[in-house]
2 protein chains.
Amino acid sequence: MCQDQGSHHGSSCSCSGMPMRRFLQPCLLLLLHRRSTHGYDLIQNLGEFGFSSGETDPGTVYRHLRKMEEEKLVTSAWDTDQGGPAKRLYQITGEGEEILHAWAVTLNGNKQRIEDFLVKYKTQFPG
Amino acid sequence: MCQDQGSHHGSSCSCSGMPMRRFLQPCLLLLLHRRSTHGYDLIQNLGEFGFSSGETDPGTVYRHLRKMEEEKLVTSAWDTDQGGPAKRLYQITGEGEEILHAWAVTLNGNKQRIEDFLVKYKTQFPG
DNA sequence: AACTCTATAGGCATATTGCACATAAGGGAG
DNA sequence: CTCCCTTATGTGCAATATGCCTATAGAGTT
């Protein structure tokens with residue numbers, strides 16, 4: 001989070017890169033596993049995963065969805081029945097679920113690694 | 001981690017990007033806080049943070065060190081006293097320690113976010 | 001007619017990293 | 001002495017990932 005209030009450089013530091021790198025895809029897959037829906041709706045629901053509203057770049061989300069479709073993790077179909085502009089409805093595939101499981105393993109490993117780091121950190125900076 | 005044994009695509013999936021993104025810098029700073037040393041030695045000691053030997057790209061480490069010096073998080077001085085090729089000895093600065101503290105905050109936030117994700121994941125995939 | 005909300009998407013720049021390669025000093029084997 | 005290995009530091013290039021800005025367009029509201 002790197003609150004840039006005060007002492008260290010006014011502009012930016014490399015730890016300020018929130019949201020987390022490579023965290024969007026697993027969140028989208030988990031949301032799509034709950035229910036099929038479209039990109040704009042997914043964006044509205046990303047706050048649940050710590051993506052503050054406005055922080056989430058729509059372009060990035062749509063690009064992820066198209067790429068996941070290319071990789072056959074999701075499928076899409078246009079929905080023009082409701083009012084308003086056409087929505088592209090996304091649905092997770094079996095392969096998408098597998099990748100989601102792989103993500104869970106990866107993220108669990110990352111969590112462990114961060115915990116190990118923080119233990120060492122606290123050892124070197126007690127109090 | 002994404003063990004690619006079996007069902008899902010033979011080539012690669014986007015969760016396979018181990019080691020973690022943006023994790024090298026805090027590890028280097030923490031090691032340098034213990035004791036001043038040079039890049040090659042840091043590389044030897046990165047295994048402690050889950051960087052498997054051989055997995056760590058030397059070029060990436062050296063580039064990080066040079067960039068951190070540019071940002072005044074570390075200072076360096078040549079050491080030609082010992083045998084072998086000259087070593088560039090790095091030392092963490094006060095600013096570097098501040099950034100390390102900021103990293104700890106960031107990583108703690110990331111850990112929490114991953115934990116929250118995994119809770120939701122387990123809710124949707126019990127058993 | 002103008003404005004807002006919903007909805008999707010592309011272009012461009014930047015950041016981060018991996019892989020391959022270049023350079024160079026010193027020590028040991030033959 | 002020469003070849004090779006280990007130590008030690010770096011560069012070049014490509015791929016990946018992301019942020020910001022902009023474009024498009026339907027539908028309802030003022």
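Naming: A, B, ... by sequence-line order, numbering from 1 per chain.
- Checking the phosphate oxygens (OP1, OP2) of C:dT17, a side-chain nitrogen or oxygen of B:H64 falls inside 4.0 Å.
- Summarising the geometry, the separation between CG on B:N45 and C1' on D:dA8 is reported as 15 Å, rounded to the nearest angstrom.
- Side-chain nitrogen and oxygen atoms of A:K67 include at least one within less than 4.0 Å of the OP1 or OP2 phosphate oxygen of D:dA17.
- Ion pairing between a basic and an acidic side chain is recognised when a charged N comes within 4.0 Å of a carboxylate O; A:E48 and A:R34 show such pairing.
- We find that CG of B:L24 is positioned 12 Å from P of C:dT16, with the value rounded to whole Å.
- Regarding A:E71, its CD atom lies at a distance of 13 Å from the C1' atom of D:dA17, rounded to whole Å.
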Please tabulate the protein-to-nucleotide N/O contacts below 3.5 Å involving nucleotides 26-30 of chain D, giving atom names and distances.
none

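- Atom CD in B:Q44 sits about 10 Å away from atom P in D:dT9, given to the nearest Å.
- A salt bridge links A:D41 with A:R35: the distance from a Lys NZ or Arg NE/NH1/NH2 to an Asp or Glu carboxylate oxygen falls below 4.0 Å.
- The separation between A:M20 atom CE and D:dT16 atom C1' is 17 Å, rounded to whole Å.
- Between the SG atom of B:C27 and the CG atom of B:N45 there is a distance of 11.5 Å, given to the nearest 0.5 Å.
- When side chains are defined from C-beta on, A:T56 does not count as touching A:Q44, because their heavy atoms never get closer than 4.5 Å.
- Summarising the geometry, the separation between OH on B:Y40 and P on D:dT9 is reported as 10 Å, rounded to the nearest angstrom.
- With respect to B:K111 and B:D116, no salt bridge is recorded, no charged nitrogen being found less than 4.0 Å from a carboxylate O.
- The distance between atom NZ of A:K87 and atom C1' of C:dA9, rounded to the nearest whole Å, is 16 Å.
- Note on ring orientation: taking the six-membered ring where Trp is involved, the planes of B:Y121 and A:H101 are perpendicular (angle over 60°, cut-offs 30° and 60°).
- Checked by atom type, the side-chain pair B:H64/B:Q25 shows no donor-acceptor distance below 3.5 Å.
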Expected rows: protein N/O vs nucleotides 10-12 of chain D N/O, under 3.5 Å:
from: D:dG10; atom 1: OP1; to: B:R66; atom 2: NH1; distance (Å): 2.6
from: D:dG10; atom 1: OP1; to: B:R88; atom 2: NE; distance (Å): 3.1
from: D:dG10; atom 1: OP1; to: B:R88; atom 2: NH2; distance (Å): 2.8
from: D:dG10; atom 1: OP2; to: B:R88; atom 2: NE; distance (Å): 3.2
from: D:dG10; atom 1: O5'; to: B:R66; atom 2: NH1; distance (Å): 3.4
from: D:dG12; atom 1: O6; to: B:R63; atom 2: NH2; distance (Å): 3.2

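- At a threshold of 4.0 Å, the pair A:E71-A:K67 counts as salt-bridged, since one of the basic side-chain nitrogens sits closer than that to a carboxylate oxygen.
- Rounded to whole Å, the distance from NE2 on A:H38 to C1' on C:dT8 is 10 Å.
- Listed here is the closest heavy atom pair of B:L100 and B:H33: CD2-CB, 4.3 Å.
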